[in-house]
Amino acid sequence: MNCFGKTLKRLATAMAGLGMVAVSLGVSAAPAQAAGGDLNCILDTIDVTFQPPLSPTRQATTATGGGPLLLCSSPNGRYSRLTRATITGIGTAKFQPPIYASVTGKAQFKWNTGEVSDFTFDVNTDPLSPKFEAETTSGPLLGDTVLPTGPVVFVPKVDLLCGCVNGFTAADIAVNFA
């Protein structure tokens with residue numbers, strides 16, 4: 001095996017190992033908080049894609065993604081009409097070695113009522129400094145901060161052939177709008 005092959009094999013082993021660490025740690029992106037506020041929901045699965053992929057030689061790229069927001073309930077009763085939404089968004093992803101990313105951008109909640117809430121978001125997939133937060137900037141829940149109420153596990157989508165990160169997924173995230 002040539003030097004390039006050995007290096008690629010080491011990189012693949014390290015990336016796979018770190019990915020498993022991220023999956024097994026169950027990182028918490030924010031401190032747990034009370035289930036009060038305007039709305040509590042479950043972010044079923046978020047799937048984010050980087051195009052083109054991030055790598056040590058491509059430090060920034062476009063991120064697109066979304067997913068379903070389900071099982072919403074309003075503790076204070078003000079938003080009981082909002083029971084689910086579809087999320088779509090776009091932003092900028094920045095590479096964080098070896099396989100993580102920070103992503104900021106804008107997105108929308110398209111609610112079951114037909115109403116739309118715009119929001120900004122800030123995510124960091126590194127298990128040593130995780131972050132998951134958003135703030136609504138228009139529509140229902142205007143001005144609310146959206147934070148997880150429990151652990152968030154980000155799973156990087158790694159392409160071992162190019163040594164790059166194509167995006168990430170996360171599932172079953174309990175979030176609170178307050």
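Here the structure is a predicted model, which is why all the values come from computation and not from measurement.
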Fill in: Distance-only side-chain donor-acceptor flag, N76 / S74, under 3.5 Å
yes
Discussion item. Between D172 and D44, is there a side-chain heavy-atom distance shorter than 4.5 Å?
Written reply: yes
Worksheet item: Which heavy atom in T137 sits nearest to a heavy atom in F119, and how many Å separate them?
Response: OG1-N, 3.8 Å
Worksheet item: Given Q108 and T86, is the side-chain contact (heavy atoms from CB on, under 4.5 Å) satisfied, shown in steps?
Response: CA-CA 8 Å; Q108 287 188 328; T86 301; over 6 Å; no
Worksheet item: Do V123 and F154 have side-chain heavy atoms sitting under 4.5 Å apart?
Response: yes
Discussion item. Can a donor-acceptor pair be found, under 3.5 Å and without considering hydrogens, that links the side chain of R58 to the backbone of P53?
Written reply: yes
Discussion item. With a 4.5 Å cut-off on side-chain heavy atoms, are T136 and L141 touching?
Written reply: yes
Fill in: Evaluation steps, side-chain contact (heavy atoms from CB on, under 4.5 Å), between T113 and L82
CA-CA 7 Å; T113 60; L82 305 177; 3.8 Å; yes
Worksheet item: Going only through I, L, V, M, F, W and Y residues with side-chain contacts under 4.5 Å, is there a path from V116 to V175?
Response: no
Fill in: Under 3.5 Å donor-acceptor, S55 side chain and T57 backbone
yes
Response to the item:
Excluding L71, membership of its hydrophobic cluster (Ile, Leu, Val, Met, Phe, Trp, Tyr; side-chain heavy atoms within less than 4.5 Å) reads I42, L70
Worksheet item: What do you reckon, is NZ of K94 surrounded by more than 12 foreign heavy atoms closer than 6.0 Å?
Response: no
Worksheet item: So which of N124, D122, T104 actually passes side-chain hydrogen bond (donor to acceptor under 3.5 Å, both in side chains) with K131?
Response: D122
Worksheet item: Among the clusters formed by ILVMFWY side chains lying less than 4.5 Å apart, do L160 and L54 turn up in the same one?
Response: yes
Worksheet entry | Heavy-atom side-chain proximity of P75 to N40 below 4.5 angstrom | yes
Worksheet item: Does the pair F109 and F177 meet the rule for a ring-ring contact (aromatic ring centres under 6.0 Å, His included), with working shown?
Response: CA-CA 12 Å; F109 296 110; F177 293 74; 5.4 Å; yes
Discussion item. What I'd like to find out is whether the side chain of R81 reaches to under 4.5 Å of the side chain of E115, using heavy atoms alone.
Written reply: yes
Worksheet item: Under a 4.5 Å cut-off applied to non-hydrogen side-chain atoms, are V155 and F168 in contact?
Response: no
Discussion item. Is the shortest side-chain heavy-atom distance between C72 and L39 below 4.5 Å?
Written reply: yes
Worksheet item: Do T83 and N112 pass the side-chain hydrogen bond (donor to acceptor under 3.5 Å, both in side chains) test, and can you show the C-alpha distance, the side-chain angles, and the key distance before you say yes or no?
Response: CA-CA 7 Å; T83 59; N112 58 290; 3.2 Å; yes
Discussion item. In the structure I gave you, are the side-chain heavy atoms of T62 and Q51 within less than 4.5 Å of one another anywhere?
Written reply: no
Worksheet entry | Under 3.5 Å side-chain donor-acceptor pair for Q96 and D126 | no
Discussion item. For the OG atom of S117 and the CG atom of D144, what is their distance to the nearest 0.5 Å?
Written reply: 9.0 Å
